[in-house]
**Q** 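This is the structure, below, for whatever I ask next.
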Amino acid sequence: MSALLLLRTCRSPTIAGIYKYTYQGTTVANHTCNHRLASTEAAAASVQLANASGLVGYWQTLSNSTPVAYMQDVLIKIHDYSGLPWWASIVLSTVLFRSVATLPLTIYQHKITARIEKIALEMPVIVEELKKEAAMAKHKFKWSEKQTQIVYRRSIKKQWQNLIVRDNCHPMKTMIVLWGQIPLWIFQSVALRNLVYMLPDPTSIQAQIVTTEMTVGGFGWIPNLTVVDNSYILPVALGLINLAIIEVQAMSRTRPSTRLQNIANNVFRGLSVVMVPVACTVPSAICVYWVASSSFGLAQNLLILSPEVRRSVGIPKTQTELSEPYDLLWLKIQQRLKLVERPPADKPAAE
């Protein structure tokens with residue numbers, strides 16, 4: 001959802017046309033001066049077009065917000081101190097931010113999930129005891145079946161909450177990665193957009209210099225990071241990597257997927273596909289960031305499957321943990337590609 005909302009502010013085909021048209025009139029002798037003037041005019045035009053199209057409001061507030069300003073400053077400092085071209089600086093900053101912010105949250109999330117799985121193993125014994133107590137109370141106090149069920153369910157809920165408090169593993173904490181990752185993704189995306197279009201102050205010398213550097217700070221088939229990737233290589237790669245993340249998570253489950261999990265997987269698959277045309281309309285600088293962030297997420301998910309890695313970061317061992325996760329993933333990939341036959345779901349007993 002946040003990606004679809006960002007589409008409205010990140011894309012600017014008209015502005016790209018203004019850049020292209022203005023640069024054609026520059027000469028080699030005064031290339032730097034004319035380039036800077038062209039960037040200033042384009043940025044001023046971008047602000048006018050944004051205001052004319054009704055972009056004033058939420059996204060302008062976000063663009064001018066303090067977190068985005070700090071993010072812009074950090075991105076510029078990483079580029080200046082590292083001496084790397086802008087595309088490499090974007091990748092480096094992505095790895096740094098996600099290693100410092102989202103990786104620890106992911107590890108913590110897995111610890112919470114493991115604790116929840118462990119306390120769930122204690123519940124069957126507790127449930128049996130509560131059933132006996134409910135039956136005795138029903139007979140002693142002459143409760144109806146409805147009254148007994150109400151007290152029984154309340155007792156189960158209370159016991160479950162006691163276990164959650166004991167092990168400090170509230171299920172809402174399993175969403176902690178989203179609480180950290182989504183704001184980071186939005187702030188860095190908007191910060192890169194600001195750097196491309198010299199926002200929030202197009203007259204700033206620093207903003208003009210950064211945008212000028214980005215026009216020559218690309219790589220390979222994308223030398224200019226301020227324009228879209230017309231080859232569609234990065235947008236397609238983004239979609240494939242996001243789909244790979246979803247499939248790895250689905251294939252690494254040892255228990256049958258619930259109906260809710262299947263719905264969530266399909267929703268995220270759809271969003272991954274939608275991200276491809278979105279990425280085709282944003283400047284390449286933003287697309288490079290999205291691909292780098294998703295690549296980090298895929299590598300992180302694969303790494304966290306390893307039992308050795310899980311023990312090294314303090315994630316408790318559980319019954320559903322895969323002892324040989326990579327062999328299982330490869331087998332399931334082969335089965336999906338029909339290179340290996342799937343085992344029958346219900347194998348008949350030998351006569």
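Note that these values count all heavy atoms, side chains included, but never hydrogens, waters or copies made by symmetry.
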**Q** Taking all atoms of both residues into account, what is the closest heavy-atom pair of Glu117 and Gln319, and its distance?
**A** OE2-N, 3.5 Å
**Q** In sequence, state the C-alpha distance, the side-chain angles, and the governing distance for Arg166 and Glu122, and then conclude on side-chain contact (heavy atoms from CB on, under 4.5 Å).
**A** CA-CA 13 Å; Arg166 185 195 69 186; Glu122 301 180 33; 2.7 Å; yes
**Q** If we count only N and O atoms by modelled type, under 3.5 Å, do the side chains of Glu133 and Ser155 hold a donor and an acceptor together?
**A** no
**Q** Is a donor on one side and an acceptor on the other found under 3.5 Å between the side chain of Lys138 and the backbone of Thr148?
**A** no
**Q** Mark yes or no for whether Tyr232, through its side chain, and Val276, through its backbone, hold a donor-acceptor pair below 3.5 Å.
**A** no
**Q** Keeping Thr215 on the side-chain end and Leu225 on the backbone end, is there a donor-acceptor pair under 3.5 Å?
**A** no
**Q** Give the minimum heavy-atom separation between Ala279 and Cys287, together with the two atoms involved.
**A** CB-SG, 3.8 Å
**Q** Nearest 0.5 angstrom please: Leu238 CG to Ser272 OG, how far?
**A** 8.0 Å
**Q** So, for Ala101 and Leu184, which heavy atoms are closest and what is the spacing to 0.1 Å?
**A** CB-CD2, 4.4 Å
**Q** So Leu298 and Leu302, do their side chains get closer than 4.5 Å, heavy atoms only?
**A** yes
**Q** Do Thr174 and Ile116 make a side-chain contact, defined as non-hydrogen atoms from C-beta onward lying under 4.5 Å apart?
**A** yes
**Q** Check the pair Met251, Ile333 against side-chain contact (heavy atoms from CB on, under 4.5 Å), reporting the backbone distance first and the verdict last.
**A** CA-CA 9 Å; Met251 290 188 293; Ile333 291 173; 3.9 Å; yes
**Q** Are Ile119 and Met172 in one and the same hydrophobic cluster, where Ile, Leu, Val, Met, Phe, Trp and Tyr link if side-chain heavy atoms are under 4.5 Å apart?
**A** yes
**Q** What are the two closest heavy atoms between Lys118 and Pro316, and how far apart are they?
**A** CE-CB, 3.7 Å
**Q** Taking Arg311 for its side chain and Ile315 for its backbone only, find out whether a donor-acceptor pair lies under 3.5 Å.
**A** yes
**Q** Would you confirm whether Thr211, through its side chain, and Gln208, through its main-chain N or O, come within 3.5 Å as a donor-acceptor pair?
**A** no
**Q** To the nearest 0.5 Å, how far apart are CD1 in Ile78 and CZ in Phe97?
**A** 4.0 Å
**Q** Are Val74 and Tyr289 connected, step by step, through hydrophobic side chains (Ile, Leu, Val, Met, Phe, Trp, Tyr) whose heavy atoms are closer than 4.5 Å?
**A** yes
**Q** For the residue pair Trp87 and Phe219, categorise the inter-ring angle as parallel (less than 30°), tilted (30 to 60°) or perpendicular (more than 60°).
**A** tilted
**Q** Looking at Lys111 and Val313, would you say the former's side chain and the latter's main chain have a donor-acceptor pair under 3.5 Å?
**A** yes
**Q** Is there a side-chain contact (heavy atoms from CB on, under 4.5 Å) between Leu329 and Leu322 once you walk through the steps?
**A** CA-CA 10 Å; Leu329 284 178; Leu322 300 175; 6.0 Å; no
**Q** Does any donor atom in the side chain of Ser293 or Gln188 lie under 3.5 Å from an acceptor atom in the other side chain?
**A** no
**Q** Out of Trp179, Phe296, Trp290, which one pairs with Trp185 under the ring pair (Phe, Tyr, Trp, His ring centres under 6.0 Å) rule?
**A** Trp290
**Q** Is there a path from Leu103 to Ile182 through hydrophobic residues (I, L, V, M, F, W, Y) whose side chains come within less than 4.5 Å of each other?
**A** no
**Q** Any side-chain heavy atom of Leu163 within less than 4.5 Å of one from Met123?
**A** yes
**Q** Considering non-hydrogen atoms only, spot the tightest contact between Ser82 and Leu92 and give its length.
**A** CB-CD2, 4.2 Å
**Q** Can you tell me if CZ on Phe268 sees more than 12 non-hydrogen neighbours from other groups inside 6.0 Å?
**A** no
**Q** Donor-acceptor pair, Ser93 side chain versus Ile90 backbone, under 3.5 Å?
**A** yes
**Q** Check whether Lys317 reaches the backbone of Ala114 with its side chain - one donor and one acceptor, N or O, closer than 3.5 Å.
**A** no
**Q** Transitively linked via ILVMFWY side-chain contacts under 4.5 Å: Met275 with Ile222?
**A** yes
**Q** Are a donor atom and an acceptor atom from the side chains of Arg269 and Asn266 found within less than 3.5 Å of each other?
**A** yes
**Q** For a 4.5 angstrom cut-off between non-hydrogen side-chain atoms, does Val288 reach Leu192?
**A** no
**Q** Could you tell me whether the side chain of Ile176 reaches within less than 4.5 Å of the side chain of Ile112, counting heavy atoms only?
**A** no
**Q** Would you give the length of the straight line joining atom CH2 of Trp86 to atom NE2 of His79, rounded to the nearest 0.5 angstrom?
**A** 5.5 Å
**Q** What distance do Leu199 atom CG and Asn64 atom CG have between them, rounded to the nearest 0.5 Å?
**A** 8.0 Å
**Q** In terms of hydrophobic clusters joined by side-chain contacts under 4.5 Å, are Leu243 and Val267 together?
**A** no
**Q** Can you tell if the side chain of Ile209 reaches within under 4.5 Å of the side chain of Glu213, non-hydrogen atoms only?
**A** yes
**Q** Checking Ser63 against Asn194: is there a side-chain donor and acceptor pair closer than 3.5 Å?
**A** yes
**Q** Which pair of heavy atoms, one from Val228 and one from Ser284, lies closest together, and at what distance?
**A** C-OG, 3.4 Å
**Q** Below 4.5 Å, heavy atoms only, C-beta onward: do Gln181 and Leu105 meet side chain to side chain?
**A** no
**Q** Output yes when a side-chain donor or acceptor of Asn162 lies under 3.5 Å from a complementary backbone atom of Lys158, and no otherwise.
**A** yes
**Q** Okay, side chain of Arg115, backbone of Asn168: is any donor-acceptor separation there less than 3.5 Å?
**A** yes
**Q** Any chance the side chains of Asn230 and Trp221 put a donor and an acceptor closer than 3.5 Å?
**A** no
**Q** Could you give the distance from CD1 (Ile286) to OG1 (Thr226), rounded to the nearest 0.5 Å?
**A** 11.0 Å
**Q** Strictly by modelled atom types, are Glu308 and Ser306 linked by a side-chain donor-acceptor pair under 3.5 Å?
**A** yes
**Q** With a 4.5 Å heavy-atom cut-off, do Ile186 and Leu62 have their side chains touching?
**A** yes
**Q** Are there over 12 heavy-atom neighbours, none belonging to Arg154, within less than 6.0 Å of that residue's CZ?
**A** no
**Q** Please round to the nearest 0.5 Å and tell me the distance separating atom OH of Tyr152 and atom CD of Gln149.
**A** 7.5 Å
